[in-house]
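This report concerns only the one structure given below.
First listed ligand is number 1; within each ligand, the first listed atom is number 1. Predicted, not measured: the structure shown is a model, and the values here were computed from it.
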Amino acid sequence: MLVIGKPLILNKELFLKRVEDILDSGIFSNNGPYTEYLESFLKEYLGVKYVVAVNNATSALDICLAFLKTKHPFGQIVVPSFTFVASVHSIVRAGFEPVFADIDDNFCLDMESVDARVNPSTVAIMPVNLFGNYNNPANFARYRDLFIINDSAQAFGVFLEEEDQYAGTFGNCEIMSFHPTKLAGGFEGGIITTNNSEIAEFAIQYRNFGFTPNAGPQGEIGPIIGTNYKINEIQSCAILTQIENLEEIQSHYYDCFAAYRRLLPDWIKLIQPNVYFSNFSYIVAKVHPKLRDGLVNYLYSAGIFARTYFSPIHRSKPYAERFGHLELPNTDKLASECFCLPTGLHITPEDCVKIVDKIKEFLN
Ligand code: T4K
């Protein structure tokens, strides 16, 4: 099956050697040397003050929201309905109320829609940066009093030319994913990035049950009611080994995008990311809604697993009763036309040719 993001550790030899080191060291988890090195590598690379690594990006979202809870026990959070379900579930699990906003043609929050939803009960906005696009940070400057959590699970490696910064440095905090299907993915993993020391210290304690770090032999249960969101050493080492080869990974992803751009017929519109330097980790295309599901099913039966990311969350089972009536026109439009094409380190330019041939065959 040709899928999206089938993982491949590029430098397998080095990875296996490091796994041996881990086995010999007897330090398997709880902020071991690979986790510390990963965090300092990413701090440097992203140009951000603090990076806290956790077991996946959903945990990272939970932590940011638990931090927000210490400031605002209740309130509304504006979030797009067009996102992966983790964004919204985290908001609800933390005891906040999601307020669904519409998106623009690059899957970023539509600011008119946001403006119409912000009210005195709003405590935060969660822009979601999908498919290598990025919400313009300048748009959120007018919401200085609100907490901005960027869900950048898919945005690792995205660079914003005007700001001269990588994704990971905007809003109050950002989260990123290293799920196997992500750019530089490993055996799951996530990070919180922030320039705020209070958020970073909270995250460090929260991921380890709330214990105060370096509290000596007795340990100290700190004031934070945390949980176990620790990343283990094999997870950290896999991510580290991947990001050391980031240039090669990124150029492979770009080559896939360029191959599709060259080959796709004109009844399929490839969406060009809205940033100068995208990560191309998802390749998203639009097709007439009447053709979309038939095409995706046809490809699936030919061993090509394109995905119809994403269905509107406000109409999904947990939310439909309360929110299903909401009108989010661009969300509905894009959710009916878009699909993501197979990409990743296992997909070769020859695979792209095969996939596009099948796409053309479908219409014939
Ligand atoms: N926010 C946003 C905006 C996100 O997109 C995500 C995750 C999150 C938050 C949360 O991040 P994490 O907590 O996951 O770190 C996937 C992923 O599970 C999820 O990480 C991702 N977004 C989402 C967009 O896609 P599925 O259900 O499509 O993935 P899965 O595991 O079924 O795999 C998809 C395909 O990849 C399969 O066809 C097979 C292939 N695959 C998968 C794995 C895990 C492999 O070939 N090898 C593998 O090891 O959700």
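- At a heavy-atom cutoff of 4.0 Å, ligand 1 is contacted by the side chain of Asp151 but not by its backbone.
- Counting only heavy atoms, the protein never gets under 4.0 Å from atom 30 (P) of ligand 1.
- Between the choices Pro7, Gly344, Ser177, the shortest heavy-atom distance to atom 47 (N) of ligand 1 belongs to Pro7.
- Taking the charged nitrogens against the carboxylate oxygens, Lys17 and Glu20 have no contact shorter than 4.0 Å, which rules out a salt bridge.
- Stacking of Lys69 on the aromatic ring of Phe96 is recorded, both the 6.0 Å distance cut-off and the 45° axial limit being met.
- Taking a cut-off of under 4.0 Å to the non-hydrogen atoms of Ile4, the atoms of ligand 1 that pass are 36 (O).
- In terms of polar-atom proximity, Tyr309 is counted as a contact of ligand 1, with an N or O under 3.5 Å from an N or O of the ligand.
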After noting the C-alpha distance and the side-chain angles of Phe84 and His89, does the key distance pass the ring-ring contact (aromatic ring centres under 6.0 Å, His included) rule? CA-CA 9 Å; Phe84 186 55; His89 279 358; 8.9 Å; no
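- Residue-to-ligand polar distances place Thr58 within reach of ligand 1: an N/O pair is separated by less than 3.5 Å.
- Between Lys182 and ligand 1 there is a heavy-atom distance shorter than 4.0 Å.
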For Glu321 and Arg315, run salt bridge (Lys or Arg N to Asp or Glu O under 4.0 Å): C-alpha distance rounded to whole Å, both residues' side-chain angles, the deciding distance at 0.1 Å, then the answer. CA-CA 8 Å; Glu321 198 177 321; Arg315 291 226 194 77; over 6 Å; no
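- Both the backbone and the side chain of Ala57 come within contact range of ligand 1, each with a heavy atom under 4.0 Å.
- The proximity of Tyr282 to ligand 1, defined as any non-hydrogen pair under 4.0 Å, is limited to the side chain.
- For an aromatic pair to be called close, the ring centres must be under 6.0 Å apart, and Phe305 with Tyr300 satisfies this.
- Using a 4.0 Å cut-off to heavy atoms of Lys6, the atoms of ligand 1 that qualify are 46 (O).
- Salt bridge present: Arg322 and Glu97 bring a charged side-chain N and a carboxylate O closer than 4.0 Å.
- In this model, no donor atom of one side chain and acceptor atom of the other lie less than 3.5 Å apart for Asp151 and Asn129.
- Ligand 1 is approached by Leu130 to a heavy-atom distance shorter than 4.0 Å.
- Only the side chain of Arg307 comes within 4.0 Å of ligand 1, counting heavy atoms alone; its backbone N, CA, C and O stay farther away.
- Proximity of Phe178 to ligand 1, defined as any heavy-atom pair under 4.0 Å, is not found for any part of the residue.
- The distance from ligand 1 to the heavy atoms of Gln154 drops below 4.0 Å at these ligand atoms: 5 (O), 24 (C).
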Under 3.5 Å, which donor-acceptor pairs do the side chains of residues 40-49 form with other protein atoms, sequence neighbours left out?
residue, atom, partner, partner atom, Å
Ser40, OG, Glu36, O, 3.4
Ser40, OG, Tyr37, O, 3.2

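- Between Asp351 and Lys354 there is a salt bridge, since at least one side-chain N of the basic residue sits less than 4.0 Å from a carboxylate O of the acidic one.
- With ligand atoms numbered from 1 in the order given, ligand 1 contributes 1 (N), 2 (C), 4 (C), 6 (C), 8 (C), 9 (C) to contacts under 4.0 Å with heavy atoms of Ala153.
- Among all protein heavy atoms, the one lying closest to atom 37 (C) of ligand 1 is Phe305 CE2, 4.2 Å.
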